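Just so we're on the same page: letters track the sequence lines, and every chain starts at 1. The model shown is predicted, which means the values in this text are computed figures rather than measured ones.
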Amino acid sequence: MRLIISEKANTAKKVAQFLAEGTVKEGKHRSVPHHTFDWNGEETVSVGLKGHVLNPEYPEEYSNWQKVEPSSLIDAEILKPVSEKGVAQAVQSLSKKADKVVIATDFDREGELIGVEALSLVFEANPKLMDHVERARFSALTKAEIQGAFENLVEVSKELADAGEARQDIDLIWGATLTRWVSRATKRYGSAFLSVGRVQSPTLALIAERERERRAFIAEPYWELEATLRNGEPFPVRHATGRFKEEPAVRQAFENLTDTAKVMEVKEKASTRPPPAPFNTTAFLTAAANIGISPSRAARLAEDLYTDGYVSYPRTDNTVYPQSLDMREILGYLKGVEGVGQYAEKLLKGGELKPTRGKKQTTDHPPIYPTGRASKKALRDDQWKIYQLIVRRFLATLSGPSKSLRTTLRFDSGGEILTTRGTVVTEEGWLEIYRYGRRPDEELPSLKEGEELKLIGAEIFAKETQPPGRYGQGRLINVMEDLGLGTKATRPNIIQNLYDRGYVHDDPVVPTEKGMGVAKALTDFASEIASHEMTAELERSMDAISEGRISKDSVVDESRDVLRRVYEHLQSSETEFADIVWEGIRTDETLGKCPESGHDLIIRRNRKSRKRFVGCSGYPDCRVTYPLPQRGEIIPLGTTCDACGSPEIKVLGGKRPWITCINMDCPKKQEQREQKEQREAAEKEKVAQAEAAQVETAQQGEGSEAASRESVQEPVKSTT
DNA sequence: GCAAGGTC
């Protein structure tokens, strides 16, 4: 029997379908499916892994963070225990019956390593297979590609797998050593540990750097002059200078305005916006972020839609549809999708279909496109949103350009130039179906040069220049990609980790003071791990390994040497390092001033129960305390409640962040409690009425659609 | 209780 091992369940299934000469028999080992069929007259079994099946780990004797010197992890042995027990069992049980094995994992570095991991399981179960290994290399899940790959089997590339293993080892060695060192230096043990890593730390440094720029930013005042003209409907215009740097200049311009304005110029410019490129992972995550769905959630939702057969594989760099994709077939089933059916039909009737092409073309997977028809009822709200996004993007890539007309008007009033602009879409094209972030038309009155209008008002606005904006999660994904940080599959997780570790909060991403401190301390004392250059360097080394120019061991050993130097420098700066981080943590925990003694109010924990509360730093002289919610991160806002004067905090976690003052006896809270009770009473009443109505309609023997459509809202529970 | 990389 020949055993074919792929990277994931879906691929294993497709491989079987494309190679089978007759029927495919489905089997299962526990919950791991496999597919049996005949190929070249030989019984063949295809099985899928779940990505990596081994996970590198240090031996047991290194597990105590307090007792083990972190530097001993630099040279410690690295074990590769099985992380996917079920899959490993299935592979080993099948291996025993096999006389040949074909590795058919993804055609990339990690895929090669995953294949080698699988082989270690295979040989353990059946050593006779050692000399009977072949590798199928295909870069698209199509019949032609797969058949071609299996007709031209090659060897597993030890070099490519070694490159992947070097990456793995270096990540664990640096990550574990520095995470433990930093946690120990700052005495953050247990769940309070502070993590450090090749990808997360440069990402955090990026966010912190932007925050520092914002803080260093000195706002400069400027003035704008706006006037209102009338020709039928009044409309606003701006002084052509835009930003006045000096106040007297704007005053002078204001004084010069008369009560009329003459049209000096009417300029019209037609412009064309081509439809967008097909979705790769980054573009998809960015678009999802723009409609308020975080990358990690969007990735999760797309994954669900993929496993249910609604969309294609969601992790791809490709932005060019393969020739083999049958657009008409896809449009055929999109005809039945709510909200887009008519549009799909229109495209089908419209003749030749020419999809757009993006800049990046790879062959591993197609761009993300809909693979099945979903209905709103069958999906959760957020899944439906993501499905619609992918469907609409797909339709947009098959649509015509949108055309618009931009009108610029210039006026003269008392020698001052006033101007305004308006844009009107003249031909919707792809915008009709892909309406995300679309701005409404700004229509201007149609005017002729020389025409005179009434100037009915003018106003000076004093403004300030703004600091550079914070990164949104979508933007961050793009910046990471540009810097080579992480992969399409890991970037959402990396960002999510920064949230979970309490390094950042909110979106746009705001670093906590702890996050600022860790970023600064790492940049100051271990700059290697805080810079994206480490990844760039690692990429170069991995290329060298995979091309056989250098050995895996020499790359990892050299990296160990660098880490030893970094470690020594850290050791000699331990107190400075810890002070920087502690300062940040202390700031995060200082909520405001004590109303009785004027000392700082800080987050503390009860020694016995470990429950947190707010205490006065003047303790034991001042015994003021406040309760705190026990769950979710607490972010001090630096503001005080307008009703009771106590500090306000933001509580993260739960469905959405909420802002509250820490005083439970605040009159506002009392008011809110009463309002809530009233709301709940009203809700109960409504439910009772709906139920009564339902009973009534049921009694009348009619459909109860109206009553059942009424959803019963759960009363919101307070966490305090 | 460490990282980052796959995939569910």
Side-chain angles (χ1 to χ4, degrees), chain A residues 6-12 31-33 48-60 62-68 70-74 76 78-80 83-84 86-87 105-118 161 163-184 188-204 281 299-308 313-316 364-365 480 484-498 500-501 529 534-535 538-539 542 559 563:
Chain A
S6 308
E7 191 158 322
K8 42 189 168 284
N10 219 313
T11 310
S31 66
V32 181
L49 306 170
K50 282 182 180 171
H52 284 287
V53 287
L54 308 181
N55 191 38
E57 209 178 274
Y58 284 112
E60 178 69 37
Y62 292 92
S63 58
N64 191 320
W65 288 38
Q66 264 108 319
K67 290 189 183 140
V68 175
S71 63
S72 64
L73 298 176
I74 300 176
I78 294 175
L79 310 175
K80 313 256 158 136
S83 55
E84 293 291 338
V87 179
T105 47
D106 289 1
F107 179 20
D108 54 31
R109 196 165 54 216
E110 294 294 330
E112 206 73 12
L113 175 55
I114 290 167
V116 168
E117 289 171 11
E165 211 179 357
R167 197 268 318 141
Q168 243 185 8
D169 290 359
I170 288 171
D171 279 340
L172 179 63
I173 295 169
W174 280 74
T177 305
L178 294 181
T179 293
R180 287 201 198 176
W181 186 89
V182 170
S183 299
R184 187 185 69 174
R188 311 300 287 176
Y189 291 118
S191 61
F193 77 94
L194 298 176
S195 65
V196 179
R198 172 179 57 86
V199 178
Q200 62 165 287
S201 297
T203 306
L204 177 61
T281 303
R300 178 77 249 164
L301 292 167
E303 178 72 35
D304 292 344
L305 292 171
Y306 160 69
T307 26
D308 288 344
Y313 189 65
R315 288 179 284 277
T316 173
D364 50 355
H365 299 281
M480 289 174 75
L485 290 172
T487 71
K488 54 194 179 293
T490 59
R491 280 175 210 126
N493 300 335
I494 300 275
I495 295 177
Q496 192 54 46
N497 267 341
L498 295 179
D500 295 345
R501 297 278 144 81
I529 198 69
M534 177 168 171
T535 293
L538 180 61
E539 287 289 342
M542 284 193 294
S559 183
L563 178 55

Under 4.0 Å, heavy atoms only, any strand: does [X] hit a base, just the sugar-phosphate, or nothing?
X        : value
A/Arg501 : sugar-phosphate
A/Lys8   : sugar-phosphate
A/Gly486 : sugar-phosphate
A/Thr490 : base
A/Tyr313 : sugar-phosphate
A/Pro70  : nothing
A/Ala192 : nothing
A/Ser63  : base
A/Val53  : nothing
A/Arg198 : sugar-phosphate

inquiry  = Please determine whether a side-chain nitrogen or oxygen atom of A/Ser195 lies at a distance below 4.0 Å from atom OP1 or OP2 of B/dA3.
reply    = yes
inquiry  = Is the phosphate of B/dG6 approached by A/Thr487 (side-chain N or O, under 4.0 Å from OP1 or OP2)?
reply    = yes
Separation of atom [atom1] in [X] from atom [atom2] in [N], rounded to whole Å:
X        : N     : atom1 : atom2 : value
A/Ile114 : B/dG6 : CD1   : P     : 8 Å
A/Ile529 : B/dC2 : CD1   : P     : 16 Å
A/Arg109 : B/dA4 : CZ    : C1'   : 12 Å
A/Glu165 : B/dG6 : CD    : P     : 16 Å
A/Ile495 : B/dG5 : CD1   : P     : 12 Å
A/Glu57  : B/dG1 : CD    : P     : 11 Å
A/Glu84  : B/dG5 : CD    : P     : 18 Å
A/His52  : B/dA3 : NE2   : P     : 16 Å

A/Asn497 (side chain) and B/dA4 (base): donor-acceptor pair under 3.5 Å = no
A/Ser191 or A/Arg300, whichever maps to the more 5' nucleotide of DNA chain B = A/Ser191
remark   = Per nearest nucleotide of DNA chain B, the residue lying toward the 5' end, A/His365 or A/Asp171, is A/Asp171
task = Take atom CD of A/Glu60 as the centre, draw a 6.0 Å sphere, and report whether it contains more than 12 heavy atoms from other residues, nucleotides or ligands.
result = no
request  = Indicate whether A/Trp65 forms a stack on B/dG1; treat it as stacked only if centroid distance is below 5.5 angstrom and interplanar angle below 30 degrees.
outcome  = yes
Go through [options] for me and flag the one nearest to the [X] side chain.
X        : options             : result
A/Thr179 : B/dA3, B/dG5, B/dT7 : B/dA3
A/Thr307 : B/dG6, B/dC8, B/dC2 : B/dC8
A/Tyr306 : B/dC8, B/dG6, B/dG1 : B/dC8

ask   = Quick one: CD on A/Glu165 to CZ on A/Arg109, what's the gap to the nearest 0.5 Å?
value = 13.0 Å
message = Could you report the tightest heavy-atom contact between A/Leu485 and A/Arg198, atom names first, then the distance?
response = CD2-O, 4.2 Å
